[in-house]
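Here is the structure we will look at, set down as structure tokens.
Positions are given from 1 along the sequence. Because the structure is predicted, anything quoted here is derived from the model rather than measured. Counting starts at 1 for both ligands and their atoms, in listed order.
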Amino acid sequence: MRKKIVAGNWKMNTDLSQAVELIEQIVSKSTNSSAQIIICPPYPFLDKAVNTCKNSLIKVGAQNCSQNNNGAFTGEISVEMLKSLNVEYIIVGHSERRSYFNEDNIQIAAKVEKCLENGITPIFCCGEQLSDRNTNNHFDVIKNQTEESLFQLSESDFSKIVIAYEPVWAIGNGNTATPQQAQEMHHYIRELIAKKYGKKCGDSTPILYGGSCNAKNAKELFALPDVDGGLIGGASLKAEEFITISNSF
Ligand code: 13P
């Protein structure tokens with residue numbers, strides 16, 4: 001059985017008091033979830049999140065990291081720093097990083113490797129633009145993103161990662177992928193993994209769906225054979241809704 005995961009990507013939202021309130025609410029409501037719940041607050045609130053979640057079922061992740069070791073990189077955050085905070089997951093290659101900060105597949109590959117070197121689980125994001133889908137290039141885009149950023153890994157390293165399929169056209173706008181679109185792409189990704197690393201590896205890699213996933217549609221999406229949970233943006237900022245989503249298996 002693959003791990004079920006619901007991860008909340010808070011993006012650049014909340015101030016300190018809002019973050020503390022949200023973390024505490026999520027912790028107090030999450031006592032009987034069968035899924036692994038992960039929250040990914042902004043960097044300044046990670047230490048608080050780790051400490052508040054210490055005796056709960058909730059794990060904490062960061063939204064990004066540098067591909068470099070500590071040193072002269074003003075404004076950057078290293079994986080070593082995040083590890084020292086006991087952060088256990090890092091989102092890598094989110095489409096907002098790709099489009100606003102020009103991250104490419106090679107840089108993302110380096111970030112994935114840096115996470116693994118430090119014993120942190122990367123949540124690797126892939127996803128096509130609407131124009132890719134409209135020109136029927138969506139499978140090729142996902143193939144390229146996964147091959148260039150992940151397929152340099154050994155099988156043992158690959159078996160430690162989590163993948164999130166987030167079609168860019170579905171993010172933040174209510175245009176959730178249809179169950180058919182999600183299942184088709186998740187199945188395709190699993191086949192790519194199986195071809196490269198073998199069926200066992202393909203069958204055991206958690207693949208999350210992200211893009212306007214909410215309390216209303218999570219059940220249908222999470223029931224799909226190749227969908228193992230979600231990477232949630234907007235709906236992860238409301239404790240009640242986020243917990244409802246994490247109970248949607
Ligand atoms: P929304 O759930 O707000 O569409 O965001 C999805 C996302 O980008 C999660 O990483």
Next on the checklist: Any nitrogen or oxygen of H94 lying under 3.5 Å from a nitrogen or oxygen in ligand 1? Just yes or no.
Outcome noted: yes

Next on the checklist: Within the structure provided, determine whether I161 and L153 are in side-chain contact (heavy-atom separation under 4.5 Å).
Outcome noted: yes

Item to check | Nearest-contact summary for atom 9 (C) of ligand 1 - protein heavy atom, Å | outcome: E166 OE2, 2.9 Å

Next on the checklist: If we ignore hydrogens and angles and just use 3.5 Å, is the side chain of D228 paired with the main-chain N or O of L208 as donor and acceptor?
Outcome noted: no

Item to check | Numbered atoms and elements of ligand 1 in range of L231, under 4.0 angstrom, heavy atoms | outcome: 9 (C), 10 (O)

Item to check | Proximal ligand 1 atoms for N9, defined as those under 4.0 Å from one of its heavy atoms | outcome: 9 (C), 10 (O)

Next on the checklist: With a 6.0 Å cut-off (strictly less than), is the heavy-atom count around NZ of K48, excluding the residue itself, greater than 12?
Outcome noted: no

Checklist entry - Between F222 and Y209, is the ring centre distance below 6.0 Å? => result no

Next on the checklist: Quick check on contacts: which atoms of ligand 1 are under 4.0 angstrom from a heavy atom of K11?
Outcome noted: 5 (O), 6 (C), 7 (C), 8 (O)

Checklist outcome for this item: In terms of its nearest heavy atom to atom 4 (O) of ligand 1, the top option of G172, G233, S236 is G172

Checklist entry - Would a distance-only check, ignoring hydrogens and angles, find a side-chain to backbone donor-acceptor pair under 3.5 Å from R2 to D203? => result yes

Checklist entry - Can you tell me the protein heavy atom closest to atom 3 (O) of ligand 1 and the distance? => result G234 N, 2.9 Å

Checklist entry - At a 4.0 Å threshold, what atoms of ligand 1 neighbour a non-hydrogen atom of G211? => result 4 (O), 6 (C)

Next on the checklist: If the test is side chain to side chain donor-acceptor pair (under 3.5 Å), which one of E147, R98, Q145 qualifies with N105?
Outcome noted: R98

